[in-house]
Asker: 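One structure, as structure tokens, below. Some questions next.
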Amino acid sequence: MGPSKRSAGPKDDIASTRAAAAPLHGTSLPTAALPGAPLPNAPVPAAPLSAAPPTAPRPRAASSQRVYSPGGCGCALLMAPVVAAGIGLAALSLGLALLALIALTTAIVLTVREIKRTRSGAGARTGFVIAATVLYVLSLPYLGLFIWFWFVD
């Protein structure tokens, strides 16, 4: 540790430390010192020491100049609509994912039934084939994006 700004050199620091400890030379230090307890053979200060230098009192503002604040910066009040919109969009995307899952299940059921029907010798019904194709086209891209944005990204 180098010399402090108040002293001329390291020898002055050591000398001042020894001078401060000189009244304690030859006396034992207390084993458990309480914060307000005086040390034996310690000089008693003339006035109580203050922790900070005195400052000038701050001028008080007039009551008409005060700004009302409900407490804090109000960030929660400002962000509440954004959070509500985010929760609403999340619920909407979950609902659409549920509908897409139902559509996919229906498309698979229609496909399996049409395959069984054509294997038994009956002709394929065009309406069921178109319905299954539309359900696949509507459900698979949305479910793919839903899985990507919710679980992968």
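In this chain, residues are counted from 1 in sequence order.
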Asker: With no hydrogens and no angle check, is any side-chain donor or acceptor of Tyr142 less than 3.5 Å from a backbone partner on Ser93?
Answerer: yes
Asker: To the closest 0.5 Å, what do you measure between CG (Leu94) and CG (Leu89)?
Answerer: 11.0 Å
Asker: Specify the closest pair of heavy atoms between Ile108 and Tyr136, including all atoms of both residues, with the distance to one decimal.
Answerer: CA-OH, 3.5 Å
Asker: Locate the shortest heavy-atom distance separating Ser139 from Ala103; write the atom from each residue and the value.
Answerer: CB-CB, 4.0 Å
Asker: Can you measure from CG (Leu110) to OG1 (Thr133) and round to the nearest 0.5 angstrom?
Answerer: 10.0 Å
Asker: Please tell me if the side chains of Ile115 and Arg119 come closer than 4.5 Å, counting only heavy atoms from C-beta onward.
Answerer: yes
Asker: Take a 6.0 Å sphere around CZ of Arg113 and say whether it holds more than 12 heavy atoms from other residues, nucleotides or ligands.
Answerer: no
Asker: For Val129, does its backbone N or O pair with a side-chain atom of Glu114 as donor and acceptor, under 3.5 Å?
Answerer: no
Asker: If hydrophobic clusters are built from ILVMFWY residues whose side chains come within less than 4.5 Å, do Trp150 and Ile87 share one?
Answerer: no
Asker: Hydrophobic clusters here meaning ILVMFWY residues chained together by side-chain heavy-atom distances under 4.5 Å, can you tell me if Ile147 and Leu99 are in one?
Answerer: yes
Asker: Hydrophobic cluster membership, with links at side-chain heavy-atom distances under 4.5 Å among I/L/V/M/F/W/Y: are Ile130 and Leu138 in one?
Answerer: yes
Asker: Using a 4.5 Å cut-off on heavy atoms from C-beta on, say whether the side chain of Phe146 contacts that of Leu96.
Answerer: no
Asker: Cluster question for you: counting only ILVMFWY and a side-chain heavy-atom cut-off of under 4.5 Å, with indirect links fine, are Leu140 and Val112 together?
Answerer: yes
Asker: May I ask you to test the Leu104-Leu135 pair for a side-chain heavy-atom distance under 4.5 Å?
Answerer: no
Asker: Would you call Thr111 and Phe128 a side-chain contact if the rule is heavy atoms closer than 4.5 Å?
Answerer: no
